[in-house]
Amino acid sequence: MSLLRTEGVVKKFYGLTAVDRVNLEINEGEIVGLIGPNGSGKTTLFDCITGFLKVDAGRVLFRDKDITNKMPYLIALLGISRTFQNARLFLKLTVEQNMMIAIQQHQRLSSLTALTERRKVKELEKEALERSDTLLKLVGLDRLSQEYAGNLSYGQRKLLSFAMALIPYPKLVLLDEPAAAVNPTMIEKTKDLIKQLNSKGLTFFIIEHNMEVIMNICDRVIVLNHGVKIAEGSPNKVRSDPKVIEAYLGE
Amino acid sequence: MVSSLQVKRIGGLMLYCIIVAGILIVPFLIQSPYILHILILAGIYLILAQSLNLMLGYVGFLSLAQTAFFGIGAYTSAILAVTYRQPFWIGLILAIILPSLIAAVVGIPFLRLSRHSFVISTLGFLLICWLVARNWVEVTRGPLGIPGIPSPTLNLFDLVEVSFSSRASYYILMMTSVLIITLFLIKLVNSRIGRAFIAIREDEALAQSVGINTLKYKLIAFSISAGIAGVAGSLFAHYITFLDPTIFEFYNLEHVLVITLVGGSGTIGGPILGSVIFTILPEVLRVAKEYRLIVYGIILLSTVLLMPEGVGGRFKTYMHKRRLKGVYAK
């Protein structure tokens, strides 16, 4: 069954067509890579899927439900999480507070009861702290839980945003360059984590420039150039595709 | 055995009681109506500053409309008391509800804008309110103003009547309101709602991506802050007993901005400190009238340059660093 499908998605910025009629399909349990030269529209496509940008034409379907142009928070609550390219975090808050903010959005509790029903809130807060701790242990940041997110190294920030993306029990995680500017040990760790979570049934859609990561973990790769999908297939097939080589190296 | 946590809690409670008692005992120690007057005004500006602080310090949106809601609250209260002869308490409640509703309505377009555009749109709203107050003569009496706003009285089942006409009694009323609002705000910003506010302040896009309905929370904050400003307005009108459109003037706006920024937005203690400093300071500097504004300006400039997070913000960072040291020492 296809988990995510885009049908002819178009995004224009004034004269520039950043994403041009892209059709793609991601099946449950897959790890799909999205590659392409700089400015080929990869992040724009992510933004269109997650509702941060309004698409100009086409449809986005998640589990056969139309989610085109829905508000980002609704898409997040439906089960698509994402990370941002520059590892966005609440920098002035501690690691734990970052996690708590994300967790509480997925505990069903109306704003009004949050102010009135103390016992219920206490219970949920405890639950949230436990979950935060579990996830931080998973990515290996549990010892830094009281540190400000702004004091973390770049690699640690990426791990934290990864952990935050896992909070809503997502079905699909969109990772925007999880390995960029991260040291080799951290890359190995991220790769292991993705594989481990994938074996538990989580689907990944990953933008990455690091070809070694792509070759290693992806089942399938989609290539964009100037907003157009130019190739799709297994990592090895894509790597030898003349169109892809041309897009990266020029003629 | 009493655990250390319990000791801390009891200690905190005692400290709290001492502070409350200390604040409420002031009018019995100080008879000077001049000092009480200054303290009452400080209380009014403190409530207004806290309403600005909620928007600016916690949600991260600088709202210049807070003085507009202050004025709307004042006019609501004054008109109800003078034209419709309603008791103070009804005026106060409507002075909370009406600004909140107006904020919820104008907030829908305003809060969709970027932060910078929001500032300008709230400024526009303030100017419109000012114009309405000056020109809607049938209701507001325009520049003539509304004189003779009665002092609040509290009527308990027709048995006891408490009047707040004296300075000392008004001071008690003022400080009770300040305490209630401060406690409410402390609860609010430390709750799950407050956490969502802070998430929006830090990074709105990220807040959305973790599932926060940012517009909803911004509207909640704007509405609550408008209600708080309304309380300040109502208390102001009944204290001064005269109200005219100058309440919308920039003096009030500038004064609360300075209190909030120098005290430290994003902390509850900051504006309290700010309102104390900027109430006492102009009075102390009264002896050197010519230099007053200069000193005022120097303090403001040096805070912005040296402590952009304000005194309260600096203190908060310092406390966190100390706590971190404790965590790592373990």
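So you know, we letter chains A, B, ... as the sequences are listed, proteins then strands, and number each from 1. What you see below is based on every heavy atom in this structure, not just the backbone, and it leaves out hydrogens, waters and symmetry mates.
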Donor-acceptor under 3.5 Å (B:Gln208 side chain, A:Tyr73 main chain): no
Within 6.0 angstrom of B:Arg112 CZ, more than 12 heavy atoms from elsewhere: no
Separation between CZ of A:Arg88 and CD of B:Glu204, rounded to the nearest 0.5 Å: 10.0 Å
Partner set under salt bridge (Lys or Arg N to Asp or Glu O under 4.0 Å) for A:Lys191, not counting sequence neighbours: A:Glu188, A:Glu212
Approximate separation, where rounding is to 0.5 Å, of A:Leu77 CG and B:Ile212 CD1: 10.0 Å
B:Phe315 atom CZ, neighbour heavy-atom count above 12 within 6.0 Å: no
Segment of A:Ile167 engaging chain B (4.5 angstrom heavy-atom cut-off): neither
Steps toward side-chain contact (heavy atoms from CB on, under 4.5 Å) verdict (B:Arg192, A:Ile101): CA-CA 8 Å; B:Arg192 297 157 78 88; A:Ile101 285 173; over 6 Å; no
Which residues share a side chain to side chain donor-acceptor pair (under 3.5 Å) with A:Asn210, sequence neighbours left out: none
Neighbour count above 12 (heavy atom, 6.0 Å) for A:Lys65 NZ: no
Carboxylate-amine/guanidinium proximity below 4.0 Å for B:Arg195 and A:Glu125: yes
Nearest heavy atoms of B:Ser209 and A:Phe84, plus distance in Å: OG-CE1, 3.5 Å
Shortest non-hydrogen contact from A:Ala76 toward B:Val210: CB-C, 4.4 Å
Student check: side-chain heavy atoms of A:Leu91 and B:Asp203 closer than 4.5 Å: no
Toward chain B, the part of A:Thr94 with a non-hydrogen atom under 4.5 Å: side chain
Segment of A:Phe90 engaging chain B (4.5 angstrom heavy-atom cut-off): both
Beyond-backbone contact of A:Leu93 with B:Ile198, side-chain heavy atoms, under 4.5 angstrom: yes
